[in-house]
Every structure is written in C-alpha cells, then in structure tokens.
Amino acid sequence: TLERTHLGVNTLTATSQAIAKLGAMESELPLFKYLRVLHDYSSHSDEKLNSQYIMPHPVVTVYRSSQHDSSKHLPVQEILVFPKGGFSYVRDLVNMFNTLNDLNLNEGKHSLKTFLEDIKSQLSASQFKLKMGLDMAASRYKRNDLDRYTIPSFSGNGALSGDYKKVLRAYLELVKEFDLGFLEDMFEEDDYAAWKNLMDHCESIDKSIHVVRPSIYLSG
C-alpha cells in the first residue's frame, strides 16, 4: 500500500527487488536501465537525468553509539561516511576504518562535537575523499510535554537543551563546520515544523545534502 502498512521493511525490500527484476525482464532491459526508465517517468521534467548513469555511492557506518551499545555514551546513533565522488571509495573506506580504529576505542574522552573534530582531522590528514553524516535517533531526546529536546554530551559545554529552533541552530553549525552531507532522524519523526525548517536551511547551504526521516526519504 502507499502507506506501507501491510508489509514490514525487510519483506518490502525483498518484494520491491523482485518486482523490479521482473519488470526489467519483461522490458528486456538490464536492471540498471529499467530503474532509470522508472525514474524518468516518475520525476518532473526538470529532474530527469536524460539517462545519464552514475555509480551508486554507499553510506557506511564507521561508529555506532548508545542506541546500539549501552556502554557507549555519545548521543549519536551512528556516524556515517560516504564518497564525495570517483571510484576509489572502497580503498578510502577500508583505510578510514583502519585509521579510526584507535579513535573509536577512545570515544569516552569526547563529546559528539569533539569526536567529529577528530574524525575531520583524520579525513583531512589522510586526504580521504569522504564526507560525514549523522543519524541522531532524536526521538528519544524529545520531551513532548515540554516541547523540547535534551541531547547529552553534545559539545564541550555538555548537553544541548531547548526547543527545535535551538537544536536546529546547533545542527546547522555542525553541518557547516564539518561539511555534513547526510542527516538522518535529526528530530522526532512527527515534529513537522522542525523537519521543514531543517530541509529549507540545508537546501540553502548545499542542495546535495541528504535528509532522511523515519519511513520517508525527504530529499536528495
């Protein structure tokens, strides 16, 4: 269904893949060309890519924190990296994992911001052609009765606490300082005003920033 209410995400993924492969077979097209046809027919005319093909870029988790492991304290669910471009990203990703191994072990000394500073430093020093992203899983930090968020260990000043506008300003500072290109679950999923403002500001900063909300891919 359009509301995705009858199938879970794993079943939906497998079903979508099977249907896409069947459509490609019936159209006598390779799968990647069939997907391009679907894109061209479903997009507005000014968004069509005129059947130009680009290499898919993976988004890879380099750090998992408190949502997955209670022994970790940083308030981000995941820190992600993905390629800026080119075809050397597999090598860069492998080198990135090796470089950050010791840094991950010492995350207890950091706030989220200082940890990002260290990762940025490693990226710059090693000249990896990678960008960073965040998955905040921020619903857990929202107090609906107070209409505010409290995010622990956010910076050297401690917790970030305030309404969505204050949190948004802090996020945008991170986007600009660390050239973030991927933002997932940055607010509680039904905080529509927060999401709308985040998207508008990201659009003005860099149109290539991907913004992801639970169950809905909002931009990119």
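Nothing fancy with the numbering, it's 1 onward along the sequence. Values in this document were obtained by computation on a predicted structure and should not be read as measured data.
- Remark: the backbone N or O of G181 is not paired with any side-chain donor or acceptor of D179 at under 3.5 angstrom.
- Tested against C202, the residues N197, L180, I209 include a single side chain to side chain contact (heavy atoms under 4.5 Å, CB included) partner, I209.
- For the pair T13 (side chain) and V9 (backbone), a donor-acceptor distance under 3.5 Å is present.
- Not a single side-chain hydrogen bond (donor to acceptor under 3.5 Å, both in side chains) links Y171 to another residue, sequence neighbours left out.
- One side chain, D191 or Y149, offers a donor N or O that lies under 3.5 Å from an acceptor on the other.
- Y141 approaches P152 most closely through the heavy-atom pair CE2-CD, 3.5 Å.
- Residues M25 and Y34 do not share a hydrophobic cluster, defined by chaining ILVMFWY side chains whose heavy atoms lie under 4.5 Å apart.
- Contacts of F82 classified as side chain to side chain contact (heavy atoms under 4.5 Å, CB included), with partners at least two apart in sequence or in another chain: V59, K131, F182.
- Minimum heavy-atom separation, S111 to G156: OG-N, 3.7 Å.
- Across every non-hydrogen atom of A170 and F154, the tightest pair is CB-CE2, 3.9 Å.
- Shown here are the side-chain hydrogen bond (donor to acceptor under 3.5 Å, both in side chains) partners of D147, two or more places apart in sequence or in another chain: there are none.
- Ring pair W195/F187 is perpendicular by interplanar angle, where above 60° counts as perpendicular and below 30° as parallel.
- Taking the side-chain hydrogen bond (donor to acceptor under 3.5 Å, both in side chains) definition, one finds that D200 meets it with K196, sequence neighbours left out.
- In this structure the side chain of L116 reaches within 4.5 angstrom of the side chain of I79, judged on heavy atoms.
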Which donor-acceptor pairs under 3.5 Å do the side chains of residues 14-23 make with protein atoms, sequence neighbours left out?
residue: T15; atom: OG1; partner: T11; partner atom: O; Å: 2.7
residue: S16; atom: OG; partner: L12; partner atom: O; Å: 2.9

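- Interatomic distance, NE2 of H201 versus CG of L172, reported as 5.5 Å (0.5 Å rounding).
- Cluster annotation: Y192 and V212 are assigned to distinct hydrophobic clusters (Ile/Leu/Val/Met/Phe/Trp/Tyr, side-chain heavy-atom contacts under 4.5 Å, transitive).
- Residues M199 and E203 fail the side-chain proximity criterion, which asks for heavy atoms closer than 4.5 Å.
- The CE atom of M186 sits 5.0 Å away from the CG atom of L134 when rounded to the nearest 0.5 Å.
- At a threshold of 4.5 Å between non-hydrogen side-chain atoms, the residues K113 and E177 count as touching.
- Residues satisfying the side chain to side chain contact (heavy atoms under 4.5 Å, CB included) test with E173, not counting sequence neighbours, are none.
- Y164 contributes atom OH, which lies 10.0 Å from atom CZ of R169 (distance to the nearest 0.5 angstrom).
- Shortest non-hydrogen contact noted between L198 and V211 is CD2-CG1, 4.0 Å.
- Considering all non-hydrogen atoms of both residues, P75 and I151 come closest at CB-CG2, 3.6 Å.
- A pairwise comparison of heavy atoms in F178 and M132 identifies CB-CE, 3.8 Å as the closest pair.
- Here E189 contributes atom CD and K142 contributes atom NZ; the two are 10.5 Å apart, rounded to the nearest 0.5 Å.
- With respect to the salt-bridge test (charged N to carboxylate O, under 4.0 angstrom), the residues R140 and E188 do not qualify.
- A 4.5 Å side-chain heavy-atom check between K176 and I205 finds at least one atom pair inside the cut-off.
- Atom NE2 of H210 and atom CD of E184 lie 12.0 Å apart (nearest 0.5 Å).
- Rounding to the nearest 0.5 Å gives a distance of 6.5 Å between CG of L112 and CG of L74.
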Derivation of the side-chain contact (heavy atoms from CB on, under 4.5 Å) call for V37 and L29
CA-CA 10 Å; V37 171; L29 290 172; 4.1 Å; yes
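- Side-chain atoms of S155 come within 3.5 Å of backbone N or O of N157 as a donor-acceptor pair.
- Side-chain atoms of R143 and T150 include no donor-acceptor pair closer than 3.5 Å.
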